[in-house]
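One structure is given below, encoded as structure tokens.
Keep in mind it's a predicted model, so treat the numbers as computed, not measured. Chain A is the first sequence line, chain B the second, and so forth, proteins listed ahead of strands; every chain is numbered from 1.
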Protein chains: 2
Amino acid sequence: MERSQTQYVLLGILAIHPNQSGYEIRKTIEQSVGFFWGESFGQIYPTLKRLVAEGSIVASASKSKPTARRQEYSITPRGREALERWLAIPYREDPPRDEFLLKLFFANEAGPDVAIAHIRRFQERNRQILTTLEQIEAISRPHGSQFAGYRYWMLTLGYGLAHIRAVLAWSDTVLADLAANPEAPAAPSLGAERVTSPIPHE
Amino acid sequence: MERSQTQYVLLGILAIHPNQSGYEIRKTIEQSVGFFWGESFGQIYPTLKRLVAEGSIVASASKSKPTARRQEYSITPRGREALERWLAIPYREDPPRDEFLLKLFFANEAGPDVAIAHIRRFQERNRQILTTLEQIEAISRPHGSQFAGYRYWMLTLGYGLAHIRAVLAWSDTVLADLAANPEAPAAPSLGAERVTSPIPHE
DNA sequence: ACACACATGTAATTGGTTACATGATTTC
DNA sequence: GAAATCATGTAACCAATTACATGTGTGT
């Protein structure tokens with residue numbers, strides 16, 4: 001609970017766009033930060049209650065859509081302070097885990113066809129995301145800076161585009177290499193003179 | 001336990017390089033897949049025991065380094081089968097969570113100085129990793145394909161290099177933009193005509 | 001003697017997903 | 001009237017980290 005990031009996502013989203021229900025918040029998350037962040041209902045609803053109890057957000061009956069169950073939330077000055085405090089501290093790296101790269105790394109145990117299948121899947125998925133991100137970019141550009149925070153949205157979008165374009169280009173060269181030269185020469189197993197990569201972790 | 005990926009990392013590492021202790025396995029993980037995968041002792045030791053119980057690996061007293069406590073593990077044919085089965089099934093995307101991008105996305109609530117601080121940190125860290133990966137590449141290239149799996153190691157390394165170079169280039173343009181134009185024009189909050197990004201998830 | 005790397009393990013905690021359960025509202 | 005979407009919540013489960021605890025071997 002102390003270092004749960006979920007609360008700050010909720011605060012941040014409500015800071016940008018108040019008077020949303022839990023259900024709506026989740027949609028907003030999907031549609032804005034969805035390509036690098038996800039939240040589940042099982043996490044959202046309890047956290048909203050906790051934030052209300054702490055006074056970081058307030059709940060109110062919906063005015064725009066007065067249905068029976070719907071609750072709307074807005075950030076309070078206290079919530080804004082909490083958000084700003086959190087934003088100011090250095091981001092933490094959580095331990096990286098990329099199953100795609102892991103399976104590719106071990107692909108020698110399974111053969112090049114398996115590697116190729118994974119890479120094709122990787123390409124399909126990332127081409128799809130790239131198309132989406134490019135559409136957002138195209139739609140947003142004429143809009144100009146229509147809302148606060150637009151600039152930073154564009155920055156994160158730019159990250160996504162740069163990342164995906166780079167790894168898609170990489171995947172093309174990899175596929176070409178695997179197709180041109182399916183069987184790599186066999187060799188002794190990783191032994192005494194192995195090369196290592198001491199990547200610094202936090 | 002069913003969908004724990006830890007077991008497969010251990011199997012994969014032992015498939016490439018047998019007769020390692022738990023302690024050693026962890027070091028090997030850090031030094032090979034460390035830039036995209038991590039494992040803790042609290043996860044490694046119980047999983048090793050479970051894999052022994054299942055017959056996927058075998059434990060033996062150390063021959064090369066016969067100390068009191070040291071246990072060495074090697075993969076069995078059964079473990080190899082389990083590894084191959086796992087390698088053949090499509091990788092799963094786990095929900096993305098990038099705190100750096102999240103803080104950047106919300107940076108309008110905190111000001112450009114906060115955004116700049118995060119990006120500088122990001123650059124420092126990634127430049128450091130880039131240097132390490134480039135050194136590995138430089139050392140490995142003359143070695144040629146000295147061991148089985150070398151090829152796939154180089155492929156994952158290539159991914160890391162492509163990714164880091166791309167996001168570092170992105171970060172330079174972002175910093176230049178934020179420095180040249182620290183205050184973005186204020187604008188109404190994210191409202192009715194907001195643009196959305198329906199990223200497909202699995 | 002001291003420090004550091006090697007080596008193994010467990011317990012507490014937790015952040016999070018998934019599945020389940022329920023019901024209202026809208027749209028076709 | 002059926003289906004989809006809106007809407008909220010809880011319980012079970014779990015993978016994983018972190019902290020703690022213990023001890024050996026090596027090098028200075």
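Counting non-hydrogen atoms under 4.0 angstrom, A:Gly42 reaches a base of the nucleic acid.
Counting to the nearest Å, the P atom of C:dA19 and the CZ atom of B:Arg3 are 8 Å from each other. The separation between B:Arg50 atom CZ and D:dC14 atom P is 12 Å, rounded to whole Å. If you take CZ of A:Arg69 and C1' of C:dT22, they are 6 Å apart, rounded to a whole angstrom. As a whole-Å value, the separation of B:Glu39 CD from C:dA7 C1' is 18 Å. Taking atom CD of B:Gln31 as the reference point, atom P of C:dA5 lies 13 Å away to the nearest angstrom. Per the geometry, CZ belonging to B:Arg26 stands 15 Å off P belonging to C:dG9, to the nearest Å. Rounded to a whole Å, the CG atom of A:Asp94 is 14 Å from the C1' atom of C:dT14. To the nearest angstrom, C1' of D:dA7 lies 12 Å from CD of A:Glu72.
The side chain of B:Gln43 sits closest to D:dA16 out of C:dT8, C:dT18, D:dA16. When distances are taken from the side chain of A:Arg70 to each of C:dA7, D:dA7, D:dT8, the shortest belongs to D:dA7. Nearest to the side-chain atoms of B:Thr67 among the listed nucleotides D:dG25, C:dT8, D:dA7 stands D:dG25. When distances run from any side-chain atom of A:Tyr45 to the nucleotides D:dT8, C:dT17, D:dT17, the shortest one goes to D:dT8. Listed candidates were C:dT8, C:dG9, D:dT5. Nearest to the side chain of B:Ser21 is C:dT8. Of the candidates C:dG9, D:dA16, D:dG9, the closest approach to any side-chain atom of B:Ser4 belongs to D:dA16. Distances were taken from every side-chain heavy atom of B:Pro46 (C-beta onward) to each of C:dT18, D:dG23, C:dT10; the shortest belongs to C:dT10.
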| said: Evaluate B:Glu39 against B:Arg26 for salt bridge (Lys or Arg N to Asp or Glu O under 4.0 Å), listing each step before the verdict. | reply: CA-CA 7 Å; B:Glu39 288 293 347; B:Arg26 202 202 182 200; over 6 Å; no
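Side chains of A:Gln123 and A:Asp172: a donor on one and an acceptor on the other come within 3.5 Å.
Ring geometry for B:Tyr23 versus B:Phe41: interplanar angle under 30°, hence parallel rather than tilted (30 to 60°). Between A:Phe122 and A:Phe100, the ring-plane angle classifies as parallel under the 30° and 60° cut-offs.
For B:Pro90 against A:Glu99, the heavy-atom pair with the smallest separation is O-OE2, 4.4 Å.
Within the structure, every side-chain polar atom (N or O) of B:Gln71 is placed at least 4.0 Å from both OP1 and OP2 of C:dG9. Taking 4.0 angstrom as the limit, B:Lys27 places none of its side-chain polar atoms (N or O) nearer than this to OP1 or OP2 of C:dA7.
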